[in-house]
S.K.: 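Below are the structure tokens for one structure; questions will follow.
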Amino acid sequence: MSKLLYHEIEKISDDHQWVVFIHGAGGAIETWKFQVEAFRPHFNLMLLDLRDHGRSKNIDPEHANYDFDVVTKDILAVLDHYEINKAHFVSLSLGSVILQRLDVLRPQLIDRMVMAGGIFKATFKMHFFVHSAKFLNYLLPYRTLYNIFAYIVLPKKNHQFSRRVFQRQFKRLTRKEYLKWVGLYRHFFRALREYFHRPVDKLSLVVMGEEDHVFIKAAKKFDRVQQHVTLEILEECGHIVNIEQHQRFNELAIDFLKTE
């Protein structure tokens, strides 16, 4: 068993700032394949596979159930191992909730935040999806269920490539691992309620797709209540903005992180 998440590092020098990438549920380091080349000349990079995802298998200690502290402490263990005390963070989808939990646990660690396809408020659609998943887990194979929800979240033709990327990455999760992550719903809605009105005191960039019909309304509301958050909306783009419109996303994120 390993005590650290699987991770990859691209380091320029001790003088360059770190950027840590946190993927979403079902993803992996490969989520960021379009970001590595663009970010590499400007920052030291750390890419992580979350517990059970990608190549982060059999992480010690094992937990019967997960909460957001389990997931965030895995990340902190890697950063502490390399004595990284300050970094920018880039997250995708559920990674935005994990990132905000990191900000609660260790606020001094985070410099700026970029949240792609962020999740900020429990809408009716989200409640419906989560509770449907709980019920359908008893009726359908978990991979079939994931594929159905992938089509619901990413329904259009221009979403097809990013949908396939996530479907391919998700195949690495076993049913046991999948059920542990689904079990996060017990903490998920409470976390969203807490973080929505918790003042974000870091400069933060939220990048959403115009066609992200599940999450964009909540992102707009989050932008209105948070003084230090800037919202950018990409036209003709779905939930996985860093893949579907990676060039535009990279420009926005790098400019934001490099601006004094």
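Any value given below was found using the heavy atoms of this structure, including those in side chains, with hydrogens, waters and symmetry copies removed.
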S.K.: Please enumerate all residues that pass ring-ring contact (aromatic ring centres under 6.0 Å, His included) together with Phe170, with sequence neighbours excluded.
M.R.: Tyr142, Tyr146, Tyr178
S.K.: Who pairs with Thr31 by side chain to side chain contact (heavy atoms under 4.5 Å, CB included), at least two apart in sequence or on another chain?
M.R.: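 With sequence neighbours excluded, Thr31 shows a side chain to side chain contact (heavy atoms under 4.5 Å, CB included) to His23, Leu92, Phe166, Gln169, Asn242, given in chain and number order.
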S.K.: Show me, pair by pair, the donor-acceptor contacts under 3.5 angstrom made by side chains of residues 105-118, not counting sequence neighbours?
M.R.:
| unit_1 | atom_1 | unit_2 | atom_2 | d |
| --- | --- | --- | --- | --- |
| Arg106 | NH1 | Asp80 | OD1 | 2.6 |
| Arg106 | NH2 | Asp80 | OD2 | 3.2 |
| Arg112 | NH1 | Phe256 | O | 2.6 |
| Arg112 | NH1 | Thr259 | O | 3.1 |
| Arg112 | NH2 | Thr259 | O | 3.0 |

S.K.: Quick one: list whatever passes side chain to side chain contact (heavy atoms under 4.5 Å, CB included) with Gln227, sequence neighbours left out.
M.R.: none
S.K.: Give me each pair satisfying ring pair (Phe, Tyr, Trp, His ring centres under 6.0 Å) with a member in residues 80-100, each pair once, sequence neighbours excluded.
M.R.: His7-Tyr82
S.K.: If you count the non-hydrogen atoms of other residues, nucleotides and ligands that lie under 6.0 Å from NZ in Lys86, is the total more than 12?
M.R.: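 Yes, NZ of Lys86 has more than 12 neighbouring heavy atoms, counting only those of other groups under 6.0 Å.
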S.K.: Taking only residues two or more places apart in sequence or in another chain, which ones pass side chain to side chain contact (heavy atoms under 4.5 Å, CB included) with Asn147?
M.R.: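 Scan of Asn147 (side chain to side chain contact (heavy atoms under 4.5 Å, CB included), adjacent residues dropped) gives Gln167.
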S.K.: Can you name the residues that form a side-chain hydrogen bond (donor to acceptor under 3.5 Å, both in side chains) with Ser162, not counting sequence neighbours?
M.R.: none
S.K.: Please list, chain by chain and in numerical order, all residues satisfying side-chain hydrogen bond (donor to acceptor under 3.5 Å, both in side chains) with Lys221, sequence neighbours excluded.
M.R.: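 Residues passing side-chain hydrogen bond (donor to acceptor under 3.5 Å, both in side chains) with Lys221: none at all.
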S.K.: Would you call the rings of Phe43 and Phe39 parallel, tilted or perpendicular, where under 30° means parallel and over 60° means perpendicular?
M.R.: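 Ring orientation of Phe43 relative to Phe39: tilted.
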S.K.: Report the residues that fulfil side-chain hydrogen bond (donor to acceptor under 3.5 Å, both in side chains) with Arg168, sequence neighbours left out, ordered by chain and then residue number.
M.R.: none
S.K.: Residues two or more places apart in sequence or in another chain: which of them pass side-chain hydrogen bond (donor to acceptor under 3.5 Å, both in side chains) with Trp18?
M.R.: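 Trp18: no side-chain hydrogen bond (donor to acceptor under 3.5 Å, both in side chains) contacts found.
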S.K.: Could you pull out all residues at least two apart from Val71 that satisfy side chain to side chain contact (heavy atoms under 4.5 Å, CB included)?
M.R.: Leu50, Ile98, Trp181
S.K.: Sort and list the pairs that fulfil salt bridge (charged side-chain N to carboxylate O under 4.0 Å, His left out) and have at least one residue in residues 4-29, not counting sequence neighbours.
M.R.: Glu8-Arg55, Glu10-Arg40, Lys11-Asp14
